[in-house]
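The structure appears right after this line, and notes come after that.
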Amino acid sequence: MTMPIAGGAERGAVDAAALAPAAAMFHGLSDPARLAILQHLTVGEHRVRDLTEHLGLAQSTVSAHLACLRDCGLVTSRPEGRASMFSLTTAPELLAVLAAAEQLLASTGYAVELCPNYGVGATTTPDVEHLKSHEKSESA
(Lines give C-alpha, C1' and ligand atoms only; values in the text may rest on other atoms or scores of the structure.)
Protein backbone atom coordinates (compact mmCIF):
# COMPACT_ATOMS: atom_id res chain seq x y z
CA MET A 1 0.00 0.00 0.00
CA THR A 2 1.42 3.35 -0.93
CA MET A 3 0.94 6.19 1.48
CA PRO A 4 -0.67 9.18 -0.27
CA ILE A 5 1.01 12.44 0.69
CA ALA A 6 -1.06 15.61 1.05
CA GLY A 7 0.48 18.66 -0.57
CA GLY A 8 3.48 16.78 -1.91
CA ALA A 9 6.24 14.75 -0.32
CA GLU A 10 8.14 17.81 0.87
CA ARG A 11 5.48 18.57 3.48
CA GLY A 12 5.39 14.98 4.72
CA ALA A 13 1.69 15.04 5.62
CA VAL A 14 -0.28 11.86 5.09
CA ASP A 15 -3.56 12.21 3.17
CA ALA A 16 -5.94 10.64 5.71
CA ALA A 17 -8.91 10.76 3.33
CA ALA A 18 -7.03 8.68 0.78
CA LEU A 19 -6.16 6.13 3.48
CA ALA A 20 -9.77 5.82 4.69
CA PRO A 21 -10.68 2.90 2.39
CA ALA A 22 -7.67 0.89 3.60
CA ALA A 23 -8.52 1.69 7.21
CA ALA A 24 -12.11 0.57 6.60
CA MET A 25 -10.88 -2.69 5.07
CA PHE A 26 -8.62 -3.38 8.05
CA HIS A 27 -11.50 -2.57 10.39
CA GLY A 28 -13.58 -5.14 8.48
CA LEU A 29 -10.84 -7.68 9.18
CA SER A 30 -10.45 -6.66 12.83
CA ASP A 31 -12.84 -9.14 14.42
CA PRO A 32 -11.63 -12.66 15.30
CA ALA A 33 -14.97 -14.18 14.27
CA ARG A 34 -14.76 -12.56 10.83
CA LEU A 35 -11.21 -13.84 10.42
CA ALA A 36 -12.37 -17.33 11.40
CA ILE A 37 -15.17 -17.14 8.84
CA LEU A 38 -12.72 -16.06 6.16
CA GLN A 39 -10.38 -18.87 7.16
CA HIS A 40 -13.18 -21.41 6.74
CA LEU A 41 -14.11 -19.95 3.37
CA THR A 42 -10.54 -20.40 2.09
CA VAL A 43 -11.28 -24.12 1.68
CA GLY A 44 -14.50 -23.54 -0.25
CA GLU A 45 -18.11 -22.49 -0.06
CA HIS A 46 -20.05 -22.76 3.19
CA ARG A 47 -23.63 -22.22 4.29
CA VAL A 48 -24.38 -20.14 7.40
CA ARG A 49 -25.38 -23.39 9.11
CA ASP A 50 -21.99 -24.96 8.30
CA LEU A 51 -20.12 -21.95 9.67
CA THR A 52 -22.31 -21.91 12.78
CA GLU A 53 -21.43 -25.55 13.48
CA HIS A 54 -17.70 -25.12 12.74
CA LEU A 55 -17.28 -21.95 14.78
CA GLY A 56 -19.71 -22.55 17.61
CA LEU A 57 -21.33 -19.16 17.08
CA ALA A 58 -25.00 -18.24 16.95
CA GLN A 59 -26.63 -18.12 13.53
CA SER A 60 -27.43 -14.43 13.97
CA THR A 61 -23.78 -13.68 14.80
CA VAL A 62 -22.48 -15.54 11.75
CA SER A 63 -25.07 -13.85 9.52
CA ALA A 64 -24.15 -10.41 10.83
CA HIS A 65 -20.43 -11.02 10.24
CA LEU A 66 -21.12 -12.37 6.74
CA ALA A 67 -23.15 -9.24 5.98
CA CYS A 68 -20.20 -7.11 7.11
CA LEU A 69 -17.78 -9.13 4.98
CA ARG A 70 -20.15 -8.90 2.00
CA ASP A 71 -20.44 -5.11 2.47
CA CYS A 72 -16.61 -4.95 2.51
CA GLY A 73 -16.56 -6.86 -0.80
CA LEU A 74 -14.69 -9.81 0.69
CA VAL A 75 -17.40 -12.48 0.37
CA THR A 76 -20.23 -13.19 -1.99
CA SER A 77 -23.18 -15.54 -1.88
CA ARG A 78 -25.27 -17.50 -4.30
CA PRO A 79 -28.61 -19.18 -3.67
CA GLU A 80 -28.75 -22.95 -3.40
CA GLY A 81 -32.26 -24.10 -2.64
CA ARG A 82 -33.42 -22.26 0.46
CA ALA A 83 -29.87 -21.64 1.65
CA SER A 84 -27.11 -19.31 0.49
CA MET A 85 -23.61 -20.52 -0.25
CA PHE A 86 -20.90 -18.08 0.79
CA SER A 87 -17.45 -17.86 -0.79
CA LEU A 88 -14.49 -15.49 -1.00
CA THR A 89 -14.71 -12.89 -3.76
CA THR A 90 -10.96 -12.44 -4.24
CA ALA A 91 -9.33 -15.45 -2.64
CA PRO A 92 -5.76 -14.95 -3.96
CA GLU A 93 -5.57 -11.33 -2.84
CA LEU A 94 -7.17 -12.00 0.54
CA LEU A 95 -4.87 -14.97 1.16
CA ALA A 96 -1.90 -12.75 0.30
CA VAL A 97 -3.04 -10.10 2.82
CA LEU A 98 -3.59 -12.72 5.54
CA ALA A 99 -0.19 -14.33 4.81
CA ALA A 100 1.48 -10.91 4.97
CA ALA A 101 -0.26 -10.26 8.31
CA GLU A 102 1.04 -13.57 9.67
CA GLN A 103 4.56 -12.67 8.53
CA LEU A 104 4.29 -9.23 10.13
CA LEU A 105 3.04 -10.73 13.39
CA ALA A 106 5.91 -13.19 13.41
CA SER A 107 8.54 -10.55 12.61
CA THR A 108 7.31 -8.31 15.44
CA GLY A 109 7.10 -11.18 17.91
CA TYR A 110 3.34 -10.71 18.15
CA ALA A 111 3.97 -7.46 20.07
CA VAL A 112 0.54 -6.16 19.08
CA GLU A 113 -0.96 -8.60 21.61
CA LEU A 114 0.49 -6.37 24.34
CA CYS A 115 -0.75 -3.08 22.86
CA PRO A 116 -2.79 -1.30 25.54
CA ASN A 117 -5.18 0.06 22.88
CA TYR A 118 -5.80 -2.89 20.56
CA GLY A 119 -4.08 -5.89 22.12
CA VAL A 120 -5.49 -9.00 23.68
CA GLY A 121 -7.87 -8.02 26.45
CA ALA A 122 -8.61 -4.53 25.12
CA THR A 123 -12.35 -4.07 25.44
CA THR A 124 -12.93 -0.94 23.37
CA THR A 125 -11.42 0.87 20.43
CA PRO A 126 -10.29 4.21 21.82
CA ASP A 127 -10.62 7.55 20.07
CA VAL A 128 -7.36 9.31 19.27
CA GLU A 129 -7.77 11.50 22.35
CA HIS A 130 -8.01 8.42 24.57
CA LEU A 131 -5.11 6.34 23.25
CA LYS A 132 -3.07 4.84 26.05
CA SER A 133 0.69 5.26 26.17
CA HIS A 134 2.82 2.34 25.09
CA GLU A 135 5.43 3.34 27.64
CA LYS A 136 5.72 0.89 30.49
CA SER A 137 4.90 2.65 33.71
CA GLU A 138 7.66 2.64 36.26
CA SER A 139 6.56 1.28 39.61
CA ALA A 140 8.32 2.54 42.68
Side-chain angles (χ1 to χ4, degrees):
M1 169 173 50
T2 58
M3 297 292 203
I5 304 297
E10 65 279 355
R11 290 186 48 206
V14 175
D15 184 354
L19 293 174
M25 181 195 64
F26 284 115
H27 189 71
L29 295 172
S30 69
D31 187 278
R34 286 193 291 273
L35 287 174
I37 289 169
L38 292 172
Q39 184 178 35
H40 274 78
L41 293 178
T42 62
V43 297
E45 292 182 314
H46 283 72
R47 298 175 297 170
V48 172
R49 180 180 175 187
D50 300 330
L51 293 167
T52 301
E53 290 175 9
H54 293 304
L55 301 172
L57 298 172
Q59 180 272 330
S60 60
T61 300
V62 171
S63 293
H65 285 304
L66 284 167
C68 175
L69 292 168
R70 184 175 34 227
D71 291 344
C72 289
L74 299 173
V75 301
T76 189
S77 64
R78 65 174 181 80
E80 185 172 285
R82 291 178 19 161
S84 293
M85 298 298 292
F86 287 85
S87 61
L88 300 177
T89 56
T90 56
E93 294 84 354
L94 180 61
L95 291 173
V97 167
L98 296 176
E102 287 182 16
Q103 290 174 343
L104 182 58
L105 285 168
S107 69
T108 62
Y110 289 76
V112 72
E113 288 181 314
L114 302 176
C115 175
N117 299 298
Y118 307 109
V120 175
T123 57
T124 62
T125 303
D127 293 329
V128 174
E129 303 85 38
H130 298 103
L131 287 175
K132 298 173 187 167
S133 172
H134 286 254
E135 300 286 324
K136 292 184 179 179
S137 59
E138 299 287 327
S139 301

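Because the structure is predicted, anything quoted here is derived from the model rather than measured.
Residue Met85 is not grouped with residue Leu66 when hydrophobic side chains (ILVMFWY) are merged at heavy-atom distances under 4.5 angstrom, including chains of intermediate members. Leu114 and Val112 fall into different hydrophobic clusters, where Ile, Leu, Val, Met, Phe, Trp and Tyr residues are linked whenever their side-chain heavy atoms come under 4.5 Å apart, directly or through other members.
Closest heavy-atom contact between Ala58 and Thr52: C-CG2, 4.2 Å. The minimum heavy-atom distance linking Cys72 with Gly28 is given by the pair SG-CA, 4.1 Å.
Going from atom NE2 of His27 over to atom CZ of Arg34 covers 6.5 Å, rounded to the nearest 0.5 Å. Taking CG from Leu69 and OG1 from Thr76, the interatomic distance works out to 12.0 Å, rounded to the nearest 0.5 Å.
Shown here are the side-chain contact (heavy atoms from CB on, under 4.5 Å) partners of Ala20, two or more places apart in sequence or in another chain: there are none. Every residue two or more places apart in sequence or in another chain that forms a salt bridge (Lys or Arg N to Asp or Glu O under 4.0 Å) with Arg78 is listed here: Glu45, Glu80. For Glu53, the side-chain contact (heavy atoms from CB on, under 4.5 Å) partners two or more places apart in sequence, or in a different chain, are Arg49. In this structure Asp31 satisfies the side-chain hydrogen bond (donor to acceptor under 3.5 Å, both in side chains) test with no other residue, sequence neighbours excluded.
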Apply side chain to side chain contact (heavy atoms under 4.5 Å, CB included) to Leu55 and Thr61, showing your working. CA-CA 11 Å; Leu55 301 172; Thr61 300; over 6 Å; no
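Side chains of Ile37 and Val75 form no contact here, defined as non-hydrogen atoms less than 4.5 Å apart. Contact check for Leu41 versus Ser87: no side-chain heavy atoms found under the 4.5 Å cut-off.
Under the ring pair (Phe, Tyr, Trp, His ring centres under 6.0 Å) criterion, the residue pairs touching residues 48-106 are His40-His54, His46-His54, with sequence neighbours excluded.
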Kindly list each side-chain donor-acceptor pair under 3.5 angstrom involving residues 88-109, sequence neighbours excluded, with atom names and distances?
{"residue": "Thr89", "atom": "OG1", "partner": "Gly73", "partner atom": "O", "Å": "2.6"}
{"residue": "Thr89", "atom": "OG1", "partner": "Leu74", "partner atom": "O", "Å": "3.2"}
{"residue": "Ser107", "atom": "OG", "partner": "Gln103", "partner atom": "O", "Å": "3.3"}
{"residue": "Ser107", "atom": "OG", "partner": "Leu104", "partner atom": "O", "Å": "3.0"}
{"residue": "Thr108", "atom": "OG1", "partner": "Leu104", "partner atom": "O", "Å": "3.1"}
{"residue": "Thr108", "atom": "OG1", "partner": "Leu105", "partner atom": "O", "Å": "3.1"}

